[in-house]
Amino acid sequence: MADGLRKGLTSYGDAGFSLFLRKAFIKAMGYSDDALNRPIVGITNTYSDYNPCHGNVPQIIEAVKRGVMLSGAMPMVFPTISIAESFAYPTSMYLRNLMAMDTEEMIRAQPMDAVVVIGGCDKTLPAQIMAAVSADLPTVVIPVGPMVVGHHRGEVLGACTDCRRLWAKYRAGEIDENEIEAVNGRLAPSVGTCMVMGTASTMACITEALGLSLPMSATIPAPHAERFRSAEASGRVAAEMAKAKGPRPSEILTPASFRNAQVVMQAIGGSTNGLIHLTAIAHRSPHKIDLETFDRLGREVPVLVDLKPSGEHYMEHFHHAGGVPKLMAQLGDLIDLDAKTITGQTLRDVVAGAEDVPGQDAIRPRDNPIKAEGAMAVLHGNLAPRGAVIKQSAASPKLLQHTGRAVVFESVEDMTLRVDDPDLDVNADDVLVLRNAGPKGAPGMPEAGYLPIPKKLARGGTKDMVRISDARMSGTAFGTIVLHITPESAVGGPLALVKNGDMIRLDVSKRSIDLLVDEAELEKRRAALAPAVTPDWAKRGYAHLFNETILQADEGCDFNFMRGQGGE
Ligand code: FES
């Protein structure tokens, strides 16, 4: 197969002319024949003025280019879509698959022998990895790295666990307007991704566990010099992969590597979003993520990383404690150390190089875990026939077995309008229910599963309630929150049948979530549901594609035709 500049020639019916033309035009950039005859490493540029989490991408790119050139290959940078959490309407999840398609097609369309994909803010790493797995070109993944921590009145602050905690205090009247404004300027003190164990950190850690990025690359803070040395080293590795034509993602990603990723996700107290993204990545390959297996692993794997929101520390502390290599060393036989990585080393080599940091307490030993069980549990029951997820490590232990009266919100808008209504019939023992917030219903499965505690209860001191929905939740949030109820209500899932006053029983030890209404009554309600029609927002364009082909959470919310085998 052709390589370098000769790959994938534009079709003019004369291959010689196509190459002649390509070289003529690219020489306009000042490249020499020597440069153009080298193996090519493509580098995705996910910088955007709208994406502060990716603020260090220009510096990362410079470092990668340096590494590529020091190893005798030719770097070529190209743009892809960039998605920032708080700048994506209606949600970043709605755009993840668009970014994955963009990146995949640009990797295929342009000549390159290897590619370095750079991502970080929640949906960008999964999108770029999904693309890389589908394109199956030798790939190095570089996370942009976490922000450093902020400080406020002697307290350490982290986006966005503390954004939510302090906003809840403001809602409850415990802090005033001036203080919340001061906090606003201190929550994100540098470029980089959220520095708690949110989705960005989760995805960076499991990328490292999958063997797709260099050791320690998940945790090095975004502004640190080490981040750019790691990027330079990533460039060198990519250049060697371009010359060797491998390894490709299909040679790295095996059932063992996906199992390792799930073990790490449980042990770090990972974000529930990570499960959806890992499922989508696996579905791009011949492998699968099975919710039952994931739950079983959760019973065996303790949470060892002491990071917010499950614990106390932040990503830079995890890094200084030895990062993912040290965590995998502590996990011992729970990790398959024969799994390969992009450098040609196995995880056994990576773990052998893990640093021993005396006195660190961010990565616990297995005999002294943060939680004896993993971060997440998978629930089933008549409310969630295809599953639901709860991040039990960030929930209130006393609410993990709870039966309460349903208080139902029809949509995110309905919830926003009514949740603080002083006349809302709600008390602290009730179960807040949000529906029509799933992949198709909202659309884009907003992170609305963290329903706010109704103001009148928050002011009375209620800190947590059982909240259930077909939505997602930010990995940075805390609470007893059941998410990803599948199938979602917009496609006729049982969540659509719940009425105010119904009793709902959550029992995490039994892995169950049930609506305590008899089957005959549920059947009557099901028959009365209005038939699904194409909503106005989905009449054209990307929205139409999204609405017609989006899969449910248990299948990773990819488009049905983008899975490994394609088609339905
Ligand atoms: Fe970008 Fe949190 S907002 S990672």
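Throughout, residue positions are numbered sequentially from 1 according to the sequence presented. Keep in mind that the numbers below use all heavy atoms, side chains included, and drop hydrogens, waters and symmetry copies. One-based numbering, in listed order, for ligands and for the atoms of each.
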Geometric cation-pi criterion R467 and Y450, 6.0 Å radius, 45° cone: yes
Closest heavy-atom pair, L304 versus P369, reported as atoms and distance to 0.1 Å, is CD2-CB, 3.8 Å
Quick one: which of H319, M216, E208 gives a side chain to side chain contact (heavy atoms under 4.5 Å, CB included) with V324? E208
Neighbour count above 12 (heavy atom, 6.0 Å) for R259 CZ: no
Tell me, which protein N/O/S atoms are under 2.8 Å away from atom 2 (Fe) of ligand 1? C194 SG
Smallest separation among heavy atoms of L125 and I142, with atom names: CD2-O, 4.5 Å
Reported CD1-to-OG1 distance for the pair I81 and T103, which is rounded to 0.5 angstrom: 7.0 Å
